[in-house]
Amino acid sequence: MHKRRTILGALGGAALITLGAATLAPVAQAQAFPSKTIKFVVPFGPGSGTDTSARYFARKLQDITGQPVVVENKPGANGFIAVKQVLTAPADGYTVFIGSNSTLAVNAALFKELPYDPVKDFAPLTMMMRSPAMLTVTPQAPYQDLKGLLAYARANPGKVNFGAGSAGYQLMGELLNDAAKVQTVHVPFKGAGETMTAVASGTVDYAFAEVTAVQELAKGGRVKVLAVAADKRVASSPDVPTASEAGLPGFEAYTWVGAMVSAKTPAAETAKLAELFTAISRTDETRAFYERIGATPMTGGPAQMHEFQKNEIALWKRIVHQAKVPQQ
């Protein structure tokens, strides 16, 4: 009888151990996140500041987690294609949207109806960077400075055009029209790469683009930068005047990049990603990386990004109203 009790006790202990392991398994699995490949979806093509940021953070996240991180470019349709891919993917934390001021703020001001809500449909992780826009023209243009471009536009109302690879750059062009009292025509492109190619070839008269998309082309003489729309010159392009210095006082325009996941993503996975992204954004290496390309790192977790995004949407809505930009 004693022997039987011993056997039953042993079996009971084994059962408890098995039950305990089964109970702890979900906890261990949650703690192990991420445990497979993470995908970054970018709404613009290679060469944009958004893409550059995505690839930098992908390398750093891969180094930290030991899991592969791939970047997938889905340009076109004002970012709608990329947004749809993210919001229809499993909301498990393995699909991250690397968005910009265009997709996460400007679209809310520019479109009467959006197929997504940039605030309600996403959960913010962190802000990544901010970059001033540069106004570029082909080196063969009949004007060689900003005053010359504006004088040419005033002499040829409705005949000068500007390229824009996103809704954000479209509004920058419209803001220039309003600030300088000129009439130029918007020509849409799929991203910064296509836009800069159009500027270099003279297909469009001018375009705004982030520093990261412009610098190498400018160094190679393929495009000419007339001004940077910032309050001070960019350290990586010290010879380029600010818009104020070039003849348009107070004109400033910036792009920014931030990371988000679907709002349906579980809180634990969202919090873990936010922790990882924020840690990367605050390193000295990240600051040095962005300074080399003429940008500024932006730090701050989900709460700060949520507040920043709401303020940006309000800002662009005011600009659309002031510049009398027709909503699409």
Side-chain angles (χ1 to χ4, degrees), residues 26-27 29-44 50-51 53-58 60-62 64-65 67 69-74 78-109 111 114-130 166-168 255-282 286 297-316:
V27 177
Q29 186 176 8
Q31 290 175 342
F33 176 85
S35 60
K36 63 180 183 180
T37 300
I38 298 171
K39 180 186 291 184
F40 286 2
V41 180
V42 180
F44 308 112
T50 310
D51 176 75
S53 291
R55 294 183 187 278
Y56 173 80
F57 271 74
K60 294 303 167 186
L61 187 60
Q62 184 167 301
I64 294 173
T65 64
Q67 299 299 330
V69 182
V70 298
V71 177
E72 188 169 317
N73 299 92
K74 288 289 182 178
N78 295 290
F80 298 171
I81 296 172
V83 168
K84 181 179 179 180
Q85 178 169 333
V86 173
L87 296 181
T88 57
D92 54 9
Y94 289 96
T95 302
V96 179
F97 184 60
I98 307 298
S100 68
N101 53 300
S102 294
T103 48
L104 296 175
V106 172
N107 280 352
F111 290 86
L114 278 178
Y116 67 99
D117 188 311
V119 176
K120 294 180 180 179
D121 289 341
F122 288 102
L125 301 178
T126 188
M127 298 174 284
M128 295 161 74
M129 72 89 159
R130 186 180 82 163
S166 68
T255 63
W256 53 266
V257 178
M260 294 199 169
V261 291
S262 166
K264 297 178 182 178
T265 305
E269 282 75 5
T270 301
K272 181 62 176 178
L273 283 172
E275 177 187 341
L276 292 168
F277 269 80
T278 303
I280 293 170
S281 71
R282 291 176 176 171
T286 298
M298 296 181 71
T299 59
Q304 293 91 332
M305 185 175 181
H306 178 70
E307 190 65 22
F308 176 81
Q309 183 188 18
K310 289 198 302 182
N311 291 337
E312 281 286 293
I313 290 173
L315 167 67
W316 287 114

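Just so it is clear, the model here is predicted, and its values are computed rather than measured.
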Worksheet item: Does T299 have any side-chain hydrogen bond (donor to acceptor under 3.5 Å, both in side chains) partners at least two apart in sequence or in another chain, and if so, which?
Response: none
Worksheet item: Could you give the distance from NZ (K60) to OG1 (T65), rounded to the nearest 0.5 Å?
Response: 12.5 Å
Worksheet item: Minimum heavy-atom separation for G168 to S102, with atom names?
Response: N-OG, 2.9 Å
Fill in: Heavy-atom side-chain contact between N78 and F111 under 4.5 Å
yes
Item to complete: Using a 4.5 Å cut-off on heavy atoms from C-beta on, say whether the side chain of W316 contacts that of N107.
Response: no
Response to the item:
When every non-hydrogen atom of Q62 is compared with those of Q67, the smallest separation belongs to CG-O, 3.2 Å
Discussion item. Between K272 and E269, does the side chain to side chain contact (heavy atoms under 4.5 Å, CB included) criterion hold? Intermediate values first, please.
Written reply: CA-CA 5 Å; K272 181 62 176 178; E269 282 75 5; 5.7 Å; no
Worksheet item: Which heavy-atom pair separates S100 from T50 by the least distance, and what is that distance?
Response: CB-OG1, 3.7 Å
Worksheet item: Going through the distances and angles, do Y116 and T103 end up as a side-chain hydrogen bond (donor to acceptor under 3.5 Å, both in side chains)?
Response: CA-CA 10 Å; Y116 67 99; T103 48; 5.4 Å; no
Worksheet item: Are the side chain of T95 and the backbone of V86 linked by a donor-acceptor contact shorter than 3.5 Å?
Response: no
Worksheet item: CG of N101 to CD1 of I313: how many Å apart, nearest 0.5 Å?
Response: 11.0 Å
Fill in: Taking every non-hydrogen atom, the tightest pair across F40 and A54
CD2-O, 3.5 Å
Worksheet item: Can you tell me how far the CZ atom of R130 sits from the CE atom of M298, to the nearest 0.5 Å?
Response: 7.0 Å
Discussion item. Could you go through F97 and F122, starting from their C-alpha distance and side-chain angles, then the distance that decides it, and tell me whether this counts as ring pair (Phe, Tyr, Trp, His ring centres under 6.0 Å)?
Written reply: CA-CA 9 Å; F97 184 60; F122 288 102; 5.3 Å; yes
Worksheet, complete the sentence: Scanning both residues in full, the closest heavy-atom pair of T37 with Y94 reads O-CD2, 3.4 Å
Worksheet item: If we only count heavy atoms from C-beta on, is the Q309 to P118 side-chain gap below 4.5 Å?
Response: yes
Practice prompt. Evaluate side chain to side chain contact (heavy atoms under 4.5 Å, CB included) for V69 paired with F57, printing each intermediate quantity in order.
Written response: CA-CA 9 Å; V69 182; F57 271 74; over 6 Å; no
Worksheet entry | Student check: side-chain heavy atoms of P297 and M129 closer than 4.5 Å | no
Practice prompt. Output all residues satisfying salt bridge (Lys or Arg N to Asp or Glu O under 4.0 Å) with K264, sequence neighbours left out; order by chain, then residue number.
Written response: none
Worksheet entry | Side chain to side chain, M260 and M305, heavy atoms closer than 4.5 Å | yes
Worksheet item: If you measure from CG on L276 to CD1 on I38, what distance do you get to the nearest 0.5 Å?
Response: 7.5 Å
Discussion item. For a 4.5 angstrom cut-off between non-hydrogen side-chain atoms, does W256 reach L104?
Written reply: yes
Fill in: Spacing of E275 atom CD and T278 atom OG1 [to the nearest 0.5 Å]
8.5 Å
Item to complete: Walk me through it: do D51 and F44 pass the test side chain to side chain contact (heavy atoms under 4.5 Å, CB included)?
Response: CA-CA 7 Å; D51 176 75; F44 308 112; 5.9 Å; no
Worksheet item: Under a 4.5 Å cut-off applied to non-hydrogen side-chain atoms, are V106 and E312 in contact?
Response: no
Worksheet entry | M128 side chain near I98 side chain, heavy-atom distance below 4.5 Å | yes
Worksheet entry | Minimal non-hydrogen separation, G93 against F33, with atom names | O-CZ, 3.6 Å
